[in-house]
**Student:** 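What follows is a single structure, and I will ask about it in a moment.
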Amino acid sequence: DLAFSRKELMAFMASRYGNAASEQLIHELFEATQGWVMGVCLFADNLETHELRKMQSLDTSLLDSLADKYFTSYLIKQLEDDLISFLVCTSITEKLNAGLCDYLLERDDSNDILHDLANRAFFVQACADKPDWYEYHPLFLQWLRRNLLRMRKPQIRELSSRAQDW
């Protein structure tokens, strides 16, 4: 699992910045990244200790921008167009399962796709409170939704309607 626990994140930030990062900032960073190591490193690599001392709270726009660059530059280039379309279109919902995805996209292989993504820890995780339901990592979900607006704007109304009907 490529995620820091809260304790590991505190230790990482302390080893890197001493006491420059407040507990509040570390808490907000953990909540925003869910401990995602690459997200934490992207954030940390773009700050100097003196900048961190000035921060009272997490600059989410910086984190979003850095995550966007990572997802666009590295992650998505590894995927086929059909999978990108699946991810972008299913981001219309907060949580998803195979039946909902099949209904939204008029297909019948969503169960295999979701299981594969979850098994690869590809920013998809099973919901602890709902068996057979999944959710995207929050930073990835935001990126997917921005792409939904950019790439599939004409489909948003239809996807929303189908999600509500389901």
Side-chain angles (χ1 to χ4, degrees), residues 1-49 51-79 83-98 100-101 104 110-151 163:
D1 195 12
L2 295 175
F4 286 124
S5 67
R6 288 180 192 272
K7 188 175 181 178
E8 291 168 333
L9 179 57
M10 291 185 83
F12 172 79
M13 294 299 283
S15 71
R16 189 143 188 181
Y17 297 107
N19 64 354
S22 70
E23 282 188 38
Q24 177 65 30
L25 179 66
I26 293 171
H27 171 76
E28 291 173 7
L29 182 59
F30 183 81
E31 291 300 314
T33 63
Q34 292 186 343
W36 173 44
V37 173
M38 181 59 77
V40 170
C41 290
L42 287 169
F43 180 77
D45 287 348
N46 282 276
L47 290 177
E48 299 292 329
T49 303
E51 294 173 306
L52 202 54
R53 286 188 203 283
K54 294 179 199 174
M55 279 188 154
Q56 299 300 312
S57 63
L58 181 65
D59 180 355
T60 55
S61 63
L62 172 61
L63 186 57
D64 287 344
S65 172
L66 295 168
D68 279 1
K69 287 178 187 172
Y70 173 78
F71 294 138
T72 302
S73 300
Y74 302 106
L75 195 66
I76 291 303
K77 290 182 179 177
Q78 302 172 26
L79 304 177
L83 183 54
I84 294 169
S85 179
F86 177 91
L87 293 166
V88 169
C89 291
T90 58
S91 72
I92 197 87
T93 66
E94 289 294 318
K95 296 183 191 271
L96 38 126
N97 72 11
L100 173 58
C101 294
L104 277 175
S110 298
N111 189 52
D112 294 337
I113 294 170
L114 290 169
H115 281 292
D116 180 55
L117 291 169
N119 287 338
R120 291 192 294 158
F122 195 88
F123 299 98
V124 176
Q125 62 186 20
C127 296
D129 59 336
K130 289 183 166 185
D132 299 321
W133 284 81
Y134 298 87
E135 60 189 349
Y136 293 119
H137 185 283
L139 289 171
F140 190 55
L141 180 60
Q142 290 171 13
W143 181 83
L144 288 171
R145 286 181 171 167
R146 282 190 287 275
N147 279 280
L148 179 63
L149 286 170
R150 187 176 57 78
M151 295 166 46

**Student:** Closest heavy-atom contact between L47 and Y17?
**Tutor:**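 Minimum heavy-atom separation between L47 and Y17: O-OH, 3.3 Å.
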**Student:** Identify the two heavy atoms, one from L42 and one from L66, that lie closest to each other, and give their separation to 0.1 Å.
**Tutor:**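 The pair with the smallest heavy-atom distance is O-CD1, 3.4 Å.
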**Student:** To the closest 0.5 Å, what do you measure between NZ (K77) and OG1 (T72)?
**Tutor:**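 It comes to 9.0 Å.
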**Student:** Mind checking the CG-CZ spacing from L29 to F43? Nearest 0.5 Å is all I need.
**Tutor:**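 Result: 5.5 Å between the selected atoms.
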**Student:** Looking at L63 and A32, what are the two nearest heavy atoms and their distance?
**Tutor:**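 Nearest pair, atom of L63 first, then A32: CD2-CB, 3.6 Å.
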**Student:** If you round to the nearest 0.5 Å, how far is CD of E8 from CZ of F30?
**Tutor:**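 Here the rounded value is 9.0 Å.
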**Student:** Within a strict 4.5 Å, meaning less than it, do heavy atoms of the D68 and Q142 side chains meet?
**Tutor:**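 No; the side chains remain at least 4.5 Å from each other.
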**Student:** To check you understand the geometry: which heavy-atom pair defines the closest contact between L104 and A163, and what is its length?
**Tutor:**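 Taking every non-hydrogen atom into account, CD2-N, 3.6 Å.
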**Student:** Would you give me the side-chain donor-acceptor pairs under 3.5 Å for residues 122-134, sequence neighbours excluded?
**Tutor:**
unit_1 : atom_1 : unit_2 : atom_2 : d
Q125   : NE2    : E135   : OE2    : 3.4
Y134   : OH     : H115   : ND1    : 3.1

**Student:** Specify the closest pair of heavy atoms between L148 and C89, including all atoms of both residues, with the distance to one decimal.
**Tutor:**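 For L148 versus C89, the nearest heavy atoms are CD1-CA, 4.3 Å.
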**Student:** Do F140 and S91 come close enough that some side-chain heavy atom pair is under 4.5 Å?
**Tutor:**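 When only atoms from C-beta onward are counted, S91 and F140 do not touch, as no gap falls below 4.5 Å.
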**Student:** Are F71 and L144 close enough that some pair of their side-chain heavy atoms sits under 4.5 Å apart?
**Tutor:**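 F71 does not reach L144 side chain to side chain.
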**Student:** At what distance, to the nearest 0.5 angstrom, does CE of M55 lie from OG of S22?
**Tutor:**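 M55 atom CE to S22 atom OG measures 10.0 Å (nearest 0.5 Å).
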**Student:** Determine the minimum heavy-atom distance between L114 and C101, stating which atoms define it.
**Tutor:**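 The answer is CD1-SG, 4.1 Å.
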**Student:** Quick test of your reading: applying salt bridge (Lys or Arg N to Asp or Glu O under 4.0 Å), list the pairs with at least one residue in residues 15-43, sequence neighbours left out, ordered by first then second residue.
**Tutor:**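 Listed once each, the pairs are R6-E31, R16-D45.
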**Student:** Taking it one step at a time, do M38 and T33 satisfy side chain to side chain contact (heavy atoms under 4.5 Å, CB included)?
**Tutor:** CA-CA 9 Å; M38 181 59 77; T33 63; over 6 Å; no
**Student:** Distance-only, no hydrogens or angles: does the S73 side chain make a donor-acceptor pair with backbone N or O of Y70 under 3.5 Å?
**Tutor:**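 Answer holds: no.
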**Student:** Roughly how far, to the nearest 0.5 Å, is CG of L9 from CZ of F4?
**Tutor:**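 Taking CZ in F4 and CG in L9, the distance rounds to 6.5 Å.
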**Student:** In chain order, what residues pass the side-chain hydrogen bond (donor to acceptor under 3.5 Å, both in side chains) check against N97, with sequence neighbours excluded?
**Tutor:**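 Result, side-chain hydrogen bond (donor to acceptor under 3.5 Å, both in side chains) vs N97: none returned.
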**Student:** Is there a donor-acceptor pair closer than 3.5 Å between any side-chain N or O of T90 and the backbone N or O of L87?
**Tutor:**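 Pair found, side chain donor or acceptor close to backbone of L87.
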